[in-house]
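Order of the sequence lines sets the chain letters (A, B, ...), proteins ahead of strands, with each chain counted from 1.
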Number of protein chains: 4
Amino acid sequence: MARERKFNTVELFQEAKHLLLQHGYDGFTFSLLADRMEISRAALYKYYDNKENLITDFMIYEMEDFLHDLKEIDKLEGFEQQFDFLIDVIFKKTELHELIKAAQHVMDRTEAAFTNKEKLKKLPLDMYKFLQRFILLGKDEGKLKSHIPDGLIIGFILQTVAIPNHFGIPKAEWIHSIKEIITQGMFINK
Amino acid sequence: MARERKFNTVELFQEAKHLLLQHGYDGFTFSLLADRMEISRAALYKYYDNKENLITDFMIYEMEDFLHDLKEIDKLEGFEQQFDFLIDVIFKKTELHELIKAAQHVMDRTEAAFTNKEKLKKLPLDMYKFLQRFILLGKDEGKLKSHIPDGLIIGFILQTVAIPNHFGIPKAEWIHSIKEIITQGMFINK
Amino acid sequence: MARERKFNTVELFQEAKHLLLQHGYDGFTFSLLADRMEISRAALYKYYDNKENLITDFMIYEMEDFLHDLKEIDKLEGFEQQFDFLIDVIFKKTELHELIKAAQHVMDRTEAAFTNKEKLKKLPLDMYKFLQRFILLGKDEGKLKSHIPDGLIIGFILQTVAIPNHFGIPKAEWIHSIKEIITQGMFINK
Amino acid sequence: MARERKFNTVELFQEAKHLLLQHGYDGFTFSLLADRMEISRAALYKYYDNKENLITDFMIYEMEDFLHDLKEIDKLEGFEQQFDFLIDVIFKKTELHELIKAAQHVMDRTEAAFTNKEKLKKLPLDMYKFLQRFILLGKDEGKLKSHIPDGLIIGFILQTVAIPNHFGIPKAEWIHSIKEIITQGMFINK
DNA sequence: AATGAATGAGCGTTCATTCAT
DNA sequence: TATGAATGAACGCTCATTCAT
């Protein structure tokens with residue numbers, strides 16, 4: 001009955017991700033996005049009331065996607081297998097980290113407490129809680145040192161993704177070495 | 001007979017750092033800076049042709065300052081002492097990390113290739129090269145695993161500072177645990 | 001076999017009046033109107049080429065409605081009865097005044113000279129001319145001072161409706177006092 | 001020390017008045033004003049933080065100007081002289097009425113309670129209070145009918161200025177007739 | 001050396017209007 | 001007939017930057 005849409009949400013989120021990673025929250029503009037999608041800025045406002053909404057909508061989509069991938073972890077038996085899987089998932093979604101940074105901008109700057117923001121606040125916590133089960137398993141199985149705080153273990157693992165590979169070491173070697181440091185440390189045991 | 005200068009560079013960099021950390025690159029404005037220094041925006045333009053220049057100048061200053069601190073490492077005997085020192089320096093200058101993020105904005109976004117940016121690009125590499133001597137020492141002393149790439153070791157250490165302490169674990173415990181993971185890993189050795 | 005029309009003109013004018021009074025000319029938008037009528041904005045464009053047309057159409061309808069009411073005046077015998085009737089009609093349609101204000105916006109601001117606007121310009125004059133018969137009667141009957149210009153008498157009466165009742169004097173008393181001033185003045189006759 | 005200003009406040013208020021009268025609050029835009037003054041929109045923002053501020057500033061200036069003129073009334077002896085003076089002042093500042101209408105827009109629409117708005121709210125009340133002294137005098141001297149509410153008397157007088165002179169009756173005659181109606185009414189006394 | 005004045009470009013947002021189904 | 005999709009122009013506002021004193 002109406003005209004056919006010139007773009008779909010998936011495409012929009014793709015471009016939004018690209019721009020958000022490249023320019024950050026403030027550098028992300030409707031002009032930029034509209035230009036890339038070859039639509040008018042106004043068109044975007046048909047679907048998102050404002051910049052904040054667009055970005056939080058996208059963030060939620062992205063985080064849920066990550067969580068979804070992550071939840072596959074439960075299908076694996078034993079801590080060590082799960083650990084390997086976790087590292088892989090994290091490195092598959094390298095960008096999420098950057099996005100979370102951008103997300104914080106949204107939260108810090110605007111007062112209004114929308115449902116979107118509530119959701120967004122909950123998602124990282126969900127993730128932490130979810131991963132805590134995994135940590136627990138590791139500690140139960142006697143694999144993980146029990147005296148190291150859970151939050152640090154999780155944070156540590158998640159953060160490795162952000163280590164800059166300045167010398168272009170091949171990905172496989174890179175990840176392998178990271179796993180080794182995380183598990184056994186970089187020091188030689190005597 | 002010239003009028004007395006109303007501001008000195010040290011104060012300027014101090015305020016710039018404060019604002020950059022508080023508002024990020026885009027949120028950093030000449031108005032804000034001029035207001036805090038109680039001079040006019042126009043005055044800033046006498047010393048810095050544009051925002052980019054001001055920020056890169058400051059970045060260089062900050063990085064050199066960090067490098068300067070870092071170089072004290074050579075005064076210490078033995079790898080393990082140096083390692084402890086390194087962690088301490090890094091955690092003393094936590095903000096540098098944030099600043100480097102802001103710096104990337106400058107580099108990524110603006111086209112013009114100034115000497116300033118060239119310098120800025122080189123500094124992290126300088127730092128890496130400098131730390132490589134430290135890594136070498138660790139490997140020579142048989143403390144550091146020799147098969148792990150130097151770049152990863154350095155990156156890993158530097159990155160720990162960015163792990164978010166979501167659960168507010170006390171700083172001393174936090175750093176201690178981080179050291180343990182880095183050196184011995186989070187897995188229990190059988 | 002045509003689809004049933006989703007809106008009728010009467011409802012449209014009702015809602016238009018409501019919105020025009022509430023938001024003024026500039027605050028009146030097609031979105032607002034379409035929302036209230038539960039149709040799409042586009043649908044309105046089937047009937048009215050543009051905002052201006054819609055509003056002038058409505059204005060004409062409203063004014064003619066007022067004129068229609070007003071013409072009942074002829075059914076009354078004698079000037080004094082007609083005078084009372086006139087005041088009542090005016091106060092019954094207090095909003096018309098506001099609407100006329102809004103109407104002026106249309107006339108002043110937009111260049112294009114449509115038939116609608118011509119009509120709209122003529123209506124107040126029609127009203128004036130019509131009321132002149134009433135003034136004439138008053139003067140003939142020796143009730144109205146003959147040396148006061150007709151236009152002023154009419155204007156004066158019509159304008160009273162716009163006097164702001166800042167202190168919330170009860171309507172009956174208010175109107176009564178107005179009538180007294182109009183007829184006998186506010187000064188005490190010696 | 002700095003560049004010479006391209007415009008002064010008086011000129012600005014003049015143009016603002018013009019535009020406000022012609023277009024009303026919503027129709028008044030910074031573009032329009034800047035164009036007329038041949039400066040950039042941005043320049044206006046150096047002096048007025050936002051549209052609301054500019055307009056309220058101007059309103060206050062205008063109202064205070066009117067009040068200032070009005071207060072000369074006290075220098076005249078006797079109610080009748082004061083009455084004549086009042087009518088003259090009002091007709092000299094015909095536009096004020098329109099401006100007050102526009103002012104109401106500002107008040108109605110924006111929530112924030114600035115000092116400017118407080119002032120603006122008080123000014124009409126000041127005027128009313130001030131005129132009440134004049135009304136009191138008239139009633140004391142036995143010139144004004146004491147049973148007509150003060151608010152109506154004041155409102156009535158102020159409103160006459162808005163009667164549209166559709167037939168272009170000469171100003172002197174117009175004002176003279178208005179005075180007669182106000183004081184003696186339009187009816188012939190028997 | 002320092003400043004207030006001024007500007008142009010850009011941003012987020014809204015709205016009247018047009019298009020294609 | 002009616003609609004959702006899309007757009008361009010404009011608005012309020014901010015900011016980096018330049019100018020003239």
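Here F/dA5 presents its P atom at 12 Å from CD1 of A/I39, a figure rounded to the nearest Å. Rounded to whole Å, atom P of E/dG4 lies 14 Å from atom CZ of D/R3. The nearest whole Å value for the distance from the CD atom in B/E52 to the P atom in F/dC15 is 18 Å. Distance, A/L44 CG to E/dT14 P: 13 Å, rounded to whole Å. Summarising the geometry, the separation between CD1 on C/I55 and P on E/dA16 is reported as 9 Å, rounded to the nearest angstrom. The distance from atom CD of C/E38 to atom P of F/dT3 is 11 Å, rounded to the nearest whole Å. A/E4 places its CD atom 12 Å from the P atom of E/dA20, with the value rounded to the nearest Å. Taking atom CG of A/L12 as the reference point, atom P of F/dA6 lies 11 Å away to the nearest angstrom.
For C/N53 against C/T56, the heavy-atom pair with the smallest separation is O-OG1, 3.1 Å. Taking each heavy atom of D/E11 and D/K6 in turn, the nearest pair found is OE1-O, 4.4 Å.
Judged by the 6.0 Å distance and 45° axis criteria, C/K17 is not positioned over the aromatic ring of C/Y61.
The salt bridge (charged side-chain N to carboxylate O under 4.0 Å, His left out) check on C/D49 picks up nothing, with sequence neighbours excluded.
If you find the closest nucleotide of DNA chain E to C/Y45 and to D/Y47, the one lying nearer the 5' end belongs to D/Y47.
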Are any protein N/O atoms closer than 3.5 Å to N/O atoms in nucleotides 9-11 of chain E? If there are, list each pair with its distance.
| unit_1 | atom_1 | unit_2 | atom_2 | d |
| --- | --- | --- | --- | --- |
| E/dC11 | OP2 | A/S31 | OG | 3.1 |

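For the pair C/F28/C/L54, a side-chain contact is recorded, criterion being any heavy-atom separation below 4.5 Å from C-beta on. Between A/K51 and A/Y25 the shortest side-chain heavy-atom distance falls below 4.5 Å. By the 4.5 Å heavy-atom criterion applied to side chains, B/D65 and B/K93 are counted as neighbours. Residues B/M59 and B/I55 meet the side-chain proximity criterion, which asks for heavy atoms closer than 4.5 Å. Using a 4.5 Å cut-off on side-chain heavy atoms (C-beta onward), D/E15 and D/F7 make no contact.
Taking a pair as Watson-Crick or G-U with both hydrogen-bonding distances under 3.5 Å, the stems of three or more pairs touching DNA chain F are E:2-21 with F:2-21.
The phosphate of F/dT7 has OP1 or OP2 within less than 4.0 Å of a side-chain N or O from A/K6.
Residue contacts for D/Y48: at a heavy-atom cut-off of 4.0 Å it reaches no nucleic acid atom on any strand shown.
Listed nucleotides: E/dG4, E/dA5, E/dC19. Nearest to the side chain of D/R5: E/dA5.
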